[in-house]
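Worksheet: the structure to be examined is printed underneath.
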Amino acid sequence: MVKACLNGGRRPDEHPAVPLTAAELAADAARCARAGVAAVHVHPRDDDGAESLDPSVIAAAVGAVRATRPGLPVGVSTGAWIIPDPAERVAAVRAWTVLPDFASVNAHEPGAVAVAAALHERGVMVEAGLWTQAAVDAWRRWPTPTGRVLVECMAESVEVALADAAAILAALPDRCPPVLLHGEGPATWPVLGEAVRRGLATRIGLEDTLLLPDGTTAPDNAALVAAARALGAR
């Protein structure tokens, strides 16, 4: 399974094809679906371009993707950088009027347990973001069911990122939810290759990298998806 991560915290000055508005996210999601992704992960933005968990912002982004590409699963981030206060983050989730199919929760962040519980109560599939072995230990104590585990290798060094991937994967329990492995920056493509080698789900998109495997700038998310699919086919 390949998921497209369309924008993350990227700004248009980093790449002109970064989608921000609900309409842009929807159009980009449709292009990536045609290129072969099974789901999309988005960071909805408010009118000022800031990441937001506001009910109206989430509803606009999720609703636009579903209207443009019915049936394509769409997920959002609940990163603590969006709303630092855990109680406010939980309140935002409980106020959503349109629910995404899934949402990521970083296990190392304050309030992760409460945010995951709020998502589960609303019927949103929880993705546990695991950046370190310590995060694996924290996640294993969650009382909330997890639909997918995200092994996220955030180091820019390829060597360190691949070592982190091996260590985190080795720390996962034998009976583990489906695992998605990905990296970012210079480690994006080597970690994606490792995911392919291990037969794991992965993701690709402008959130993680602006470059194609040959080092040239990707024109858009769909081009990154096509490159990832070609790598998997090989």
Side-chain angles (χ1 to χ4, degrees), residues 1-21 23-44 61 64-65 68-69 71-77 101-102 104 127 129-131 148-166 168-169 178-234:
M1 188 272 275
V2 177
K3 179 199 296 182
C5 50
L6 301 184
N7 59 347
R10 298 280 190 190
R11 305 179 307 274
D13 61 352
E14 295 178 82
H15 194 294
V18 173
L20 297 184
T21 68
E24 290 169 348
L25 289 169
D28 212 20
R31 285 190 289 270
C32 288
R34 289 193 293 270
V37 300
V40 293
H41 168 78
V42 301
H43 290 222
V65 172
T68 303
R69 186 74 183 200
L72 179 67
V74 54
V76 302
S77 172
D101 297 286
F102 55 90
S104 59
E127 295 183 313
L130 307 179
W131 295 19
R148 183 159 47 231
V149 167
L150 309 178
V151 176
E152 307 192 80
C153 304
M154 312 305 281
E156 291 199 356
S157 162
V158 173
E159 182 178 85
V160 173
L162 290 172
D164 287 346
I168 296 171
L169 289 168
V179 175
L180 184 152
L181 172 64
H182 79 95
E184 68 171 23
T188 298
W189 290 107
V191 174
L192 187 146
E194 181 66 6
V196 171
R197 186 183 74 80
R198 289 175 176 263
L200 299 173
T202 190
R203 78 177 202 183
I204 194 66
L206 294 173
E207 175 175 352
D208 288 344
T209 184
L210 305 180
L211 304 178
L212 293 167
D214 64 4
T216 60
T217 300
D220 53 24
N221 277 308
L224 289 168
V225 170
R229 297 277 294 174
L231 178 62
R234 288 198 299 273

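Owing to the predicted nature of the structure, the values given are computational and were not obtained by experimental measurement.
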Measure the shortest side-chain to side-chain distance between [X] and [Y] over non-hydrogen atoms and say whether it is less than 4.5 angstrom.
X    : Y    : value
N7   : L206 : no
L150 : L130 : no
L200 : L180 : no
W189 : L224 : yes
T217 : L211 : yes

Can you see which heavy atom on [X] is nearest to which on [Y], and at what distance?
X    : Y   : result
A222 : A35 : O-CB, 4.1 Å
L25  : P44 : CD1-CA, 4.4 Å
P19  : L6  : CD-O, 3.4 Å
A38  : M1  : CB-CG, 3.4 Å
A29  : V40 : CB-CG1, 4.0 Å
A33  : L72 : CB-CD2, 4.1 Å

How long is the span from the [atom1] atom in [X] to the [atom2] atom in [Y], to the nearest 0.5 Å?
X    : Y    : atom1 : atom2 : answer
H41  : D208 : NE2   : CG    : 8.5 Å
D214 : T216 : CG    : OG1   : 3.5 Å
E184 : C5   : CD    : SG    : 9.5 Å
R203 : L181 : CZ    : CG    : 11.0 Å

Go through the structure and list residues passing side-chain hydrogen bond (donor to acceptor under 3.5 Å, both in side chains) with [X], not counting sequence neighbours.
X    : value
R148 : E127
R198 : E194
D28  : R31, N221
D101 : R66

Say whether, by atom type as modelled, one donor and one acceptor occur between the side chain of T68 and the main chain of V65 under 3.5 angstrom.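 Pair absent, no side-chain N/O of T68 close to backbone of V65.
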Side chain of T202, backbone of V2: donor and acceptor closer than 3.5 Å?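 Not confirmed, T202 side chain does not pair with V2 backbone.
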Which residues share a salt bridge (Lys or Arg N to Asp or Glu O under 4.0 Å) with R10, sequence neighbours left out: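 In terms of salt bridge (Lys or Arg N to Asp or Glu O under 4.0 Å), with neighbours along the sequence ignored, R10 is linked to E14.
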List, one per line, each side-chain donor-acceptor pair under 3.5 Å for residues 151-159, sequence neighbours excluded.
unit_1 : atom_1 : unit_2 : atom_2 : d
E152   : OE1    : H182   : NE2    : 2.8
E152   : OE2    : W131   : NE1    : 3.2
S157   : OG     : E159   : N      : 3.4
S157   : OG     : V160   : N      : 3.2

